[in-house]
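No experiment lies behind these values; they were computed from the predicted model shown. A note on names: the letters A, B, ... follow the listed sequences, proteins ahead of strands, and every chain is numbered from 1.
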Amino acid sequence: MIKITFPDSRVKEYPVGTTGLEIAQSLSPQLAKEVLAISVNGEIRDATRAITENSAIRLHKWDDAEGKHAFWHSSAHLMAEAIENLYPGTKFGIGPAIENGFYYDVDLGEKVLSETELVDIESKMIELAARKSIFNREEISKPEALDLFSKKGDEYKVELISDLEDGTITLYKHGSFTDLCRGPHLPDTSLIKAIKVTSLAGAYWRGDEKRKQLTRIYGITFPKKSMLDEYMILLEEAKKRDHRKVGRDLELFTFSQRVGSGLPLWLPKGAALRERLENFLKKIQKEYGYEGVITPHIGQKELYVTSGHYAKYGKDSFQPITTPVEGEEFLLKPMNCPHHCEIYKYKPRSYKDLPVRLAEFGTVYRYEQSGELHGLTRVRGFTQDDAHIFCRPDQIKEEFSKVIDIVLYIFKTLDFKDFTTQISLRDPNNPDKYIGSDENWNKAEQAIIEVTSEKGLTAVVVPGEAAFYGPKLDFMVKDAIGRKWQLGTIQVDYNLPERFELEYIGQDNQKHRPVMIHRAPFGSMERFVAVLIEHTAGKFPIWLTPDQAIVLPISEKYQNYAEGVLKLLNNSDIRTLIDDRNEKIGKKIRDNELKRIPYLLIVGEKEETEGTISVRKQGQGDLGSMKPEDFINLIRKEVDEALSRD
RNA sequence: GCCAAUGUAGCUCAGUUGGCCAGAGCAGCUGAUUUGUAAUCAGCUGGUCGGGGGUUCGAAUCCCUCCAUUGGCUCCA
């Protein structure tokens with residue numbers, strides 16, 4: 001007998017070789033039906049695998065990440081089986097579970113798969129799932145595995161196996177399909193009840209664009225039909241929040257083919273919103289000792305040769321502008337830092353002057369690949385809320401800390417709760433890639449790690465992700481359909497001070513090199529506004545929204561009174577409109593609710609007589625009537641609370 | 001840039017075995033109505049069917065090409 005310890009520390013005895021499934025069965029038959037995988041002493045395995053020694057276990061069902069992972073991973077195998085059935089001779093790449101579902105990269109040879117054929121794969125999968133094929137695990141040696149997949153002609157699997165360490169290789173077989181796989185897998189395919197093959201894309205083998213492009217097929221599956229329906233509804237809902245749609249509906253921005261793709265045009269309401277965001281940040285920055293600067297949109301090519309950007313990105317960028325004078329070339333500014341370095345340099349700096357914090361809402365231009373453009377989140381011309389802090393090495397930690405405070409204040413004010421942070425460090429195996437001394441790097445990395453944890457952030461630390469010029473901390477949020485976007489970024493830079501030969505005179509009367517910190521709490525105004533739109537579904541906080549209130553007269557008879565209210569509110573800095581169309585009140589309410597105007601102020605006979613307004617709040621309905629002065633105070637209070645620092 | 005798809009009025013969408021002057025709803029304009037908490041009624045305007053080329057007696061519809069957009073991949077200062 002062996003001792004099995006459950007998560008609640010209970011211990012029970014089972015015969016040697018018992019399986020997770022049998023354990024589940026012993027607890028409850030219902031549980032046995034729901035078990036997808038098992039953790040044995042922290043290692044995730046098939047629920048059908050024999051357990052041979054005393055172990056602590058955890059059974060995984062659909063409601064935990066490990067369970068879903070096994071479910072979708074098995075679904076990927078099922079899809080592969082369907083594809084092999086439909087398109088014999090297909091070669092298989094990798095087929096992992098992802099955050100929402102799974103995909104498989106396949107090489108279909110001459111066959112070009114079209115989206116209309118996804119349904120065929122789906123039907124085949126449903127048919128195969130119902131056969132209740134068992135997932136069989138098998139261990140073979142590496143040479144045997146190589147032999148097997150070579151014979152099959154699966155060059156991708158052969159390559160994968162070749163890269164594996166020597167030893168045993170595990171295979172999983174179900175139905176007619178065998179795959180190289182670490183597992184774990186479901187007990188059998190019949191647990192997969194609802195299947196949707198969602199989309200189709202090209203994907204380079206091993207993510208390398210120089211290698212062959214495979215066909216990536218995405219899908220998602222569920223243990224219950226109703227879950228798939230819910231998921232599809234969720235996707236529909238997300239679509240409604242898409243910033244491209246909301247941005248058009250609310251008249252915030254647009255694009256024009258004539259102007260060029262990836263070059264957003266901010267409409268009056270969008271511009272007003274953005275300006276308010278900028279002023280909000282400017283105010284904080286002033287408090288934190290930043291000084292505003294302004295630099296031009298172009299610079300001599302030499303400037304970017306000096307900074308190193310030209311060598312790295314020049315040929316993939318907008319090409320230089322040449323002038324009538326021979327040999328003169330200018331580049332559209334791809335970033336602000338070289339300009340700011342020159343501002344730092346315009347006069348000698350003393351250690352007493354540091355840190356110097358130069359801030360600019362600087363518009364930059366980058367020739368992003370055409371396939372990469374996306375609404376406002378990925379564009380070719382955008383404005384960074386950029387600043388560069390020039391400081392002494394011993395000031396890095398404190399400056400970093402202050403920047404984090406700014407970012408957190410912004411996120412709090414805008415109710416961004418669901419963000420993640422990532423610390424990017426050097427690759428320890430490749431130290432030569434980086435500029436700057438070991439000592440400085442150690443200090444900076446240490447400072448970032450310490451400050452981040454002092455601020456209570458749980459950052460993911462990723463070695464090897466740092467830029468060659470310094471470590472960084474990024475803030476990421478997800479958009480409506482779950483795509484992750486980087487917003488705020490704080491980066492230490494040892495490179496530019498070197499390249500621009502930046503100096504300060506130290507206490508010792510010697511020249512020293514300052515360190516630069518690049519930082520952008522929003523990232524770019526375009527991307528930030530896009531994400532803000534998706535977060536709020538266009539219902540912006542009261543201090544930010546383009547229009548705060550609209551007066552709705554019941555009929556033309558109350559036009560004069562309505563205009564009086566309008567004037568009073570606008571004179572009190574409440575951004576107010578009037579809807580004096582010849583429409584019924586129900587229609588006016590509907591239209592202005594759809595425009596996400598936070599307060600609708602209805603005035604008719606009753607209000608005119610009493611000198612009041614009837615207030616209706618977005619999403620909440622009728623709040624009753626009040627004096628305009630009380631309404632003004634209500635809004636002011638709401639704005640103050642939203643911007644409060646506590 | 002690569003793979004796949006899409007492109008008809010300001011918006012959402014009908015319209016292909018190739019065939020009368022290309023349709024609807026919303027928006028816009030005009031008029032009637034003077035309205036009490038999510039759509040009042042009527043009339044009118046509006047499209048070189050993404051651009052160009054081709055096949056055909058005839059193309060929104062079939063073919064080629066370019067552009068843009070969408071979902072991925074790669075890239076991302």
Would you indicate what [X] reaches in the nucleic acid, counting non-hydrogen atoms under 4.0 angstrom: base, sugar-phosphate, or nothing?
{"X": "A/R248", "answer": "sugar-phosphate"}
{"X": "A/Q257", "answer": "sugar-phosphate"}
{"X": "A/K606", "answer": "base"}
{"X": "A/R216", "answer": "sugar-phosphate"}
{"X": "A/A203", "answer": "sugar-phosphate"}
{"X": "A/E583", "answer": "base"}
{"X": "A/G586", "answer": "sugar-phosphate"}

Looking at the side chain of [X], which of [options] is the nearest nucleotide?
{"X": "A/R366", "options": "B/rU40, B/rA77, B/rA38", "answer": "B/rA77"}
{"X": "A/I554", "options": "B/rA38, B/rC73, B/rU35", "answer": "B/rU35"}
{"X": "A/I585", "options": "B/rU37, B/rC75, B/rC3", "answer": "B/rU37"}

[N] phosphate, OP1 or OP2, under 4.0 Å from [X] side-chain N/O:
{"X": "A/R244", "N": "B/rG71", "answer": "yes"}
{"X": "A/S114", "N": "B/rA4", "answer": "no"}
{"X": "A/H374", "N": "B/rG71", "answer": "yes"}
{"X": "A/R206", "N": "B/rC73", "answer": "no"}
{"X": "A/R581", "N": "B/rU35", "answer": "no"}
{"X": "A/K557", "N": "B/rU35", "answer": "yes"}
{"X": "A/K587", "N": "B/rA27", "answer": "yes"}

So what is the 5' to 3' dot-bracket string for RNA chain B, if pairs are Watson-Crick or G-U wobble with both distances under 3.5 Å, crossing pairs use [ ] and | means the partner sits on another strand? (((((((..((((.....[...)))).(((((.......))))).....(((((..]....))))))))))))....
Check this for me: A/Q319, atom CD, are more than 12 non-hydrogen atoms of other residues, nucleotides or ligands nearer than 6.0 Å? yes
Check whether the side chains of A/Y290 and A/E360 place a donor and an acceptor atom closer than 3.5 Å, and report yes or no.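 The criterion, which ignores hydrogens and geometry beyond distance, is not satisfied for A/E360 and A/Y290.
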Between A/Y469 and A/Q491, does any side-chain donor sit less than 3.5 Å from a side-chain acceptor? yes
What residues, two or more places apart in sequence or in another chain, satisfy side chain to side chain donor-acceptor pair (under 3.5 Å) together with A/E278? A/R274
Using the six-membered ring wherever Trp is involved, compare the ring planes of A/F255 and A/F253 and label them parallel, tilted or perpendicular (cut-offs 30° and 60°). perpendicular
Whole-Å distance separating the CG atom of A/L108 from the P atom of B/rA4: 11 Å
So among A/V551, A/L552, A/V565, which one has a side-chain contact (heavy atoms from CB on, under 4.5 Å) with A/I578? A/V551
Could you tell me if the ring centre of A/F92 sits under 6.0 Å from that of A/Y156? no
With no angle test and no hydrogens, is the base of B/rC76 tied to the side chain of A/E368 by a donor-acceptor pair under 3.5 Å?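 Donor-acceptor pair under 3.5 Å: no.
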